[in-house]
2 protein chains.
Amino acid sequence: MTKKEKLLHQSLKLIHEKGFKATTIRDIAASMDCDVANVYNFIDSKQGLLESHLFSINEEFHLRFDEINNSSFEPIEKIKRIVGIYIDLTFAKPYQASLLVNEWRHLKEPKLSRFIKEREKFEIKVKKLIKQGIKDGSIRKVDVDIATYTLLSSVRWLFNKVASGNLKVNRIEVEKQLLDFVLCGLTV
Amino acid sequence: MTKKEKLLHQSLKLIHEKGFKATTIRDIAASMDCDVANVYNFIDSKQGLLESHLFSINEEFHLRFDEINNSSFEPIEKIKRIVGIYIDLTFAKPYQASLLVNEWRHLKEPKLSRFIKEREKFEIKVKKLIKQGIKDGSIRKVDVDIATYTLLSSVRWLFNKVASGNLKVNRIEVEKQLLDFVLCGLTV
DNA sequence: TAAATTTATCAACAAACGTTGATAAAAATA
DNA sequence: TATTTTTATCAACGTTTGTTGATAAATTTA
């Protein structure tokens with residue numbers, strides 16, 4: 001692991017734990033046992049660090065999302081696989097997933113607006129999937145907005161448990177249980 | 001509305017929008033059009049402001065939660081009503097609900113540990129409810145941990161929509177749709 | 001080995017931060 | 001009205017913040 005990779009990893013961990021605003025350059029320097037000024041050999045600015053972290057994971061997710069969304073699978077199968085890639089990504093990169101949920105609001109304009117716009121476009125695509133599922137009879141006649149927000153929200157605890165190592169079951173079982181929950185609910 | 005009430009309201013709104021660390025005393029002063037030093041006629045410290053906001057809403061929720069949990073309703077009925085009071089509270093106090101989700105980590109010791117401990121106790125109670133529901137046959141044989149985290153997480157988008165006024169349906173319909181989701185899932 | 005590039009060290013900057021003290025105006029109480 | 005309490009104003013404090021410049025050591029390349 002090069003020094004730059006270590007910096008990226010440590011900064012991700014710190015931002016996940018303390019939040020972007022509460023994480024100082026001095027924190028990052030201390031975590032990798034180097035001088036404060038030395039950090040700037042690897043990054044341009046603190047803000048730029050956040051941007052690169054956020055947009056790399058954001059692009060990765062949306063690329064994989066679009067692969068599924070542009071396929072000819074049934075809506076319900078698309079939704080299953082989208083949950084799947086979110087779980088995949090969260091297990092592979094829990095800290096980045098954390099930033100995607102919690103820290104994007106510390107972006108500055110115009111990057112902030114760009115991020116929000118991409119997020120809204122993504123939400124609209126999910127809503128469309130649910131509408132199609134209702135139309136073809138595979139999904140109940142739910143309120144599309146509420147179902148979308150609840151669906152997207154229901155997986156947003158996972159990165160915390162993965163990051164802290166407090167997860168007893170493996171990736172496959174998480175996917176099984178989560179899909180059962182969002183498709184069938186709690187009751188028998 | 002007294003000046004102190006206005007301060008509490010404005011600070012809540014700002015902390016919800018920008019986050020606790022990104023909200024400065026000068027922001028709060030500006031939002032209520034008064035001098036910076038003037039703020040300290042109403043609060044002891046910025047940290048104390050966060051603490052009072054957090055613990056008042058936290059206590060309110062846990063009091064109402066325990067009322068239900070200590071009743072003799074069936075587990076599944078308890079879960080329904082717990083979702084109900086969360087929705088209630090979120091509609092009544094969306095900004096406080098936001099802080100409860102996003103800003104508690106900026107508490108300092110020993111308040112931070114106290115908050116986390118109360119949160120863990122709450123989670124254990126919910127897990128117990130799900131276990132009982134599985135035992136009495138009203139809940140599927142789910143993984144208790146995953147079901148608990150997913151259940152609790154699934155309602156955590158609501159405060160955002162209520163706070164921003166971007167919610168087309170009313171409180172009752174939200175409750176109906178959310179309960180359908182967590183009990184029956186998306187599929188027919 | 002010589003030159004060039006990368007990494008490390010030190011001190012310091014300007015700006016933004018939470019907070020305070022002294023004091024004046026305004027409002028409430030007696 | 002006189003007195004007490006509440007609210008407002010101004011300037012300033014000590015820290016912490018992100019960031020920079022000059023320079024030395026270490027490493028890589030030629």
Side-chain angles (χ1 to χ4, degrees), chain A residues 1-56 95 99 102-112 115, chain B residues 1-56 95 99 102-112 115:
Chain A
M1 188 158 58
T2 73
K3 207 93 190 189
K4 168 146 192 176
E5 285 171 336
K6 186 174 181 186
L7 186 148
L8 292 178
H9 180 263
Q10 294 288 0
S11 65
L12 264 175
K13 197 176 170 190
L14 282 169
I15 295 172
H16 158 70
E17 283 165 0
K18 312 177 63 170
F20 175 70
K21 279 280 176 182
T23 301
T24 70
I25 299 291
R26 285 163 179 84
D27 287 336
I28 296 172
S31 82
M32 52 193 298
D33 204 34
C34 79
D35 200 281
V36 184
N38 205 352
V39 171
Y40 285 89
N41 286 326
F42 305 105
I43 66 171
D44 290 335
S45 67
K46 194 191 170 190
Q47 201 66 32
L49 182 64
L50 177 68
E51 290 164 5
S52 71
H53 278 318
L54 272 178
F55 281 99
S56 79
Y95 298 132
L99 264 61
N102 290 318
E103 309 301 333
W104 58 266
R105 65 171 158 181
H106 296 114
L107 289 171
K108 290 186 177 170
E109 295 295 356
K111 308 251 180 185
L112 177 61
F115 185 91
Chain B
M1 188 157 57
T2 72
K3 208 91 191 192
K4 167 143 191 177
E5 286 170 336
K6 185 173 181 189
L7 185 147
L8 292 179
H9 179 263
Q10 295 287 0
S11 63
L12 265 174
K13 196 176 170 192
L14 282 170
I15 295 173
H16 158 71
E17 284 165 359
K18 313 177 60 171
F20 176 70
K21 278 280 176 183
T23 301
T24 71
I25 298 291
R26 283 164 179 84
D27 286 336
I28 296 172
S31 81
M32 51 193 298
D33 204 34
C34 79
D35 200 279
V36 184
N38 205 353
V39 171
Y40 285 90
N41 285 326
F42 305 105
I43 66 171
D44 290 336
S45 67
K46 193 191 171 190
Q47 201 65 33
L49 181 65
L50 177 67
E51 290 165 7
S52 70
H53 279 319
L54 271 178
F55 281 100
S56 78
Y95 298 132
L99 264 61
N102 289 319
E103 309 301 333
W104 58 267
R105 66 171 158 181
H106 295 115
L107 288 171
K108 289 186 178 171
E109 296 295 358
K111 310 250 180 187
L112 177 60
F115 186 91

First locate atom CD1 of B:Ile43, then atom OG of B:Ser52, and finally report the distance between them rounded to the nearest 0.5 Å. 8.5 Å
For B:Thr2, report the nucleic acid contact type (base, sugar-phosphate, nothing); a contact means any heavy atom under 4.0 Å. nothing
Only counting residues at least two apart or in another chain, list the ones meeting side chain to side chain donor-acceptor pair (under 3.5 Å) with A:Arg26. none
Within 45 degrees of the ring normal and closer than 6.0 Å to the centroid, is that where the cationic atom of A:Lys46 sits relative to A:Phe20? yes
Going 5' to 3' on DNA chain D, which nucleotide is the first and which the last to come under 4.0 Å of a heavy atom in chain B? D:dT7 to D:dC10
For the CD atom of B:Gln47 and the NZ atom of B:Lys108, what is their distance to the nearest 0.5 Å? 4.5 Å
Set of side-chain contact (heavy atoms from CB on, under 4.5 Å) partners for B:Asn41, sequence neighbours left out: B:Asn38
Taking only residues two or more places apart in sequence, or in another chain, which ones meet B:Glu51 in a side chain to side chain donor-acceptor pair (under 3.5 Å)? none
A:Ile15 side chain reached by A:Asn102 side chain, heavy atoms, under 4.5 Å: no
Could you check how far CG of B:Asn41 sits from C1' of C:dA25, rounded to whole Å? 13 Å
Rounded to the nearest 0.5 Å, what separates atom OG1 in A:Thr2 from atom CZ in A:Phe42? 7.5 Å
Along DNA chain D (nearest heavy atom to each residue), the more 5'-positioned of B:Arg26 and B:Lys3: B:Lys3
Does anything in residues 42-52 of chain B reach DNA chain C, meaning a heavy atom under 4.0 Å, and if so which residues? B:Ser45, B:Lys46
Give me the residues of residues 28-38 of chain A where at least one heavy atom lies under 4.0 Å from an atom of DNA chain D, by number, or none. A:Val36, A:Ala37
Can you list every pair that meets side chain to side chain donor-acceptor pair (under 3.5 Å) and has a residue in residues 3-13 of chain A, with sequence neighbours left out? A:Ser11-A:His53
Does some side-chain heavy atom of A:Leu8 sit less than 4.5 Å from a side-chain heavy atom of A:Leu49? yes
Looking at DNA chain D, which of residues 4-22 of chain B put a heavy atom within less than 4.0 Å of it? none
Applying side-chain contact (heavy atoms from CB on, under 4.5 Å), name anything that partners B:Lys18, two or more places apart in sequence or on another chain. B:Leu14, B:Ala22, B:Thr23, B:Asp27
Is any side-chain heavy atom of B:Phe55 closer than 4.5 Å to one of B:Leu107? yes
Test ring pair (Phe, Tyr, Trp, His ring centres under 6.0 Å) applied to B:Phe115 - qualifying residues, sequence neighbours left out: B:Trp104
